[in-house]
Amino acid sequence: MDFVAQLKSSVNIVNVVEEYVRLRKSGAHRYMGLCPFHSEKTPSFTVHEMHQFYKCFSCGAGGDVLKFVMEMQGISFYEALKLLAERYGIPMPKRSQYADEEARVRGALLQMHELAQDNFRANLDSAAGVAARGYLSRRGLSPETIEQFGLGYSDRSGRALIRLFEFSAAQMEQSGLAARRQDGSLYDRFRNRLMFPIHNESGKIIGFGGRALADDDQPKYLNSPETPIYKKTYVLYNLHRAKEGVRNQDRVILVEGYMDAIGVTTSGFPGVVASCGTSLTAPQVQALKRHSQKIVVNFDPDAPGANAAERSINLLLHEGMHVRIMELDGGLDPDEYCRQRGAAAYQKRLDAAKGYFYWLADRARKKYDVHTTEGVVAVLQFLLPALQRISDRLERMAVANDVAAYVGVDRGLVLDRFRKAVAQRQETRFEQAPFTLRPDERLLLNAVLAGPELRGEVIGPLKGLAAVGRLASRRIFQAVFALDEAGGQFSFDEVNARLEEADQNLLAEAVLSNNAVASREEVLAALESMRRSEEQDRRGQLKVRIKQLERAGNWAEALQVTEELQVLERVARASAADAGPRRIVQ
Ligand SMILES: [Zn+2]
């Protein structure tokens, strides 16, 4: 077995996918979740455990475990192999044939980030790190917390990393850890800053955030630039640590800053992520949604924080998240609140977090005078877009009534107009494509793939049926027959590898639309149904032939063929009566 096959046989795609997507079991070997490759509100992303592949029926993404990791992380085949091998402790052959140039660059960048992290950690414990340590202790961070979050310090020299790195100048610049002066020389991007490592979802350091320690150092927060390993719009701070908590609690808490994420987490609230100073993006929300669809937004209590929360609501609703807004009193940010008021107080605020529409209604009431009709209209107009994003009509109406009561609207006409506007909504629905395969065809394909016993019983009779050559899945059956004749390994992967993409999609459909392992009796019934359709085809051909002969005036031969047809029809009636009402279940 080559290394790829060995690796694939020792990891389970369900476990790998579950690191990124919350899956629910939905059949004998089938799991479903929200597709990580396109935006959706109802799951159409499916993983098949027995045959070890995934398929999205909406966007068409699909493949094996390696393809999944490649697409998910935007990495090469070689890197995906390496990542899975490391993750599951499978020794990888030293000199690998799979490495390519891009993979080498990203490998070098990851290595530089690890070296930089070691350097920053050591600096923090050294004499040079005294100011940074002082800042951390003022912010109440224990040594354990500093260790847990890997905080460090970049020294003042501006030369520490470029001296340390044994990489080409081009690669150092590409890492974002070094920058280039006008004269072409390199210097460390981060100097005299408290360093927060930023990880990707699988826990590798891909960038840093650096907080200024001197008051006159601008900007206060400096982040790594975009690099081949750091795509800002896709990354949320702390997600790799938080995702387990997010799933367990079925809720994510979104804060603004690194210190907020650290402070709230260490107060005993798992499942906290930060947007890292950028405004929230759709890919970030999609990354969260794969773990939970419920979010509590806990931004700073100041005006910019409230505005950022308001902006994020529409995006979150658009992605189908259930949004609550958490407000802290006393003008404290989440980190300060946890330290000054304690975890129990924070928990209370968390429990009291309002549904986003009540929060928006509060904002609107502060903006407009609800004692005037104009004010009421303005408030309702303000709320309308968010309400219209609720996809369920009944829920939308219920919320609209609640909100109207909350705002204090009792003017019949205004309320009526509001209700009408809420009720109207452009519905865009995803229609599940009808199955292209016949039930007996699906069942037989699954039987062939299920194991050698059924396969042995089914392949012989199938090969003798011309009807198989007219099925939508005929090329799949041809691949099956060819593999069977070759007598080697027989697996889903082997069959799949012999198919063009359109047929791979059909095969995925056949396997995923199958809910349970078919019994031998059902398989034989499907074979019988194939046979009957073969005879039906034959009778259809005879009828066409008879018409042609009659048109040509060849009455003698037409009569002969008619007799042949009658014999076949008698046989069909007899066998149908014999078989009774036995039918194949869809
Ligand atoms: Zn998809």
Side-chain angles (χ1 to χ4, degrees), residues 12-27 29-77 80 83-84 200-202 231 233-236 239 243 246-247 252 280-295 315-322 389 391 426-437 442 492-493 496 499-515:
N12 182 354
I13 190 169
V14 175
N15 298 337
V16 175
V17 172
E18 269 191 322
E19 290 191 22
Y20 304 89
V21 183
R22 186 184 164 111
L23 293 175
R24 274 176 225 284
K25 201 158 194 269
S26 75
H29 303 282
R30 197 177 57 189
Y31 293 79
M32 293 197 82
L34 293 173
C35 180
F37 303 115
H38 84 282
S39 174
E40 64 178 2
K41 287 168 192 162
T42 46
S44 49
F45 180 80
T46 320
V47 181
H48 200 275
E49 188 165 28
M50 182 162 80
H51 297 317
Q52 292 287 302
F53 74 98
Y54 68 96
K55 181 82 198 165
C56 171
F57 282 115
S58 267
C59 72
D64 62 6
V65 66
L66 284 160
K67 173 100 179 288
F68 178 82
V69 174
M70 284 166 72
E71 305 259 295
M72 204 59 228
Q73 300 261 8
I75 57 180
S76 71
F77 182 74
L83 190 144
L84 286 175
N200 64 14
E201 229 182 294
S202 51
K231 304 272 172 266
T233 51
Y234 286 82
V235 178
L236 284 160
L239 180 58
K243 61 185 176 184
V246 170
R247 284 178 199 208
V252 60
L280 204 61
T281 66
Q284 287 172 334
V285 178
Q286 284 155 21
L288 289 177
K289 193 169 66 168
R290 296 198 302 269
H291 304 294
S292 172
Q293 282 182 271
K294 296 183 189 138
I295 189 166
L315 175 66
L316 289 165
L317 292 177
H318 185 75
E319 294 294 336
M321 298 286 280
H322 302 278
R389 283 179 198 276
S391 53
Q426 287 289 337
E427 296 291 341
T428 48
R429 278 184 53 211
F430 164 68
E431 301 276 337
Q432 172 93 39
F435 292 130
T436 30
L437 299 178
R442 272 192 277 151
F492 175 87
D493 264 7
N496 200 48
L499 303 174
E500 302 275 332
E501 200 186 328
D503 291 319
Q504 289 183 337
N505 287 338
L506 273 186
L507 181 62
E509 180 198 307
V511 168
L512 293 173
S513 60
N514 187 45
N515 259 329

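Numbering of ligands and ligand atoms starts at 1, following listing order. Remember, predicted model here, so these are calculated numbers, not experimental data. For the single chain, residues carry numbers from 1 onward in sequence order.
Partner of Leu512 under the side chain to side chain contact (heavy atoms under 4.5 Å, CB included) criterion, out of Lys55, His51, His29: Lys55 alone. Checked against Tyr20 for a side chain to side chain donor-acceptor pair (under 3.5 Å), the options Arg290, Gln73, His291 give a single hit: Gln73.
Contacts of Lys231 classified as side chain to side chain donor-acceptor pair (under 3.5 Å), with partners at least two apart in sequence or in another chain: none.
Neither side chain, Thr233 nor Thr281, offers a donor N or O lying under 3.5 Å from an acceptor on the other. Neither side chain, Glu201 nor Tyr234, offers a donor N or O lying under 3.5 Å from an acceptor on the other. Looking only at atom types and distance, the side chain of Asn12 has a donor-acceptor partner in the side chain of Glu49 under 3.5 Å away.
The Zn ion (ligand 1) has Cys35 SG, His38 ND1, Cys56 SG, Cys59 SG as its protein N, O or S neighbours under 2.8 Å.
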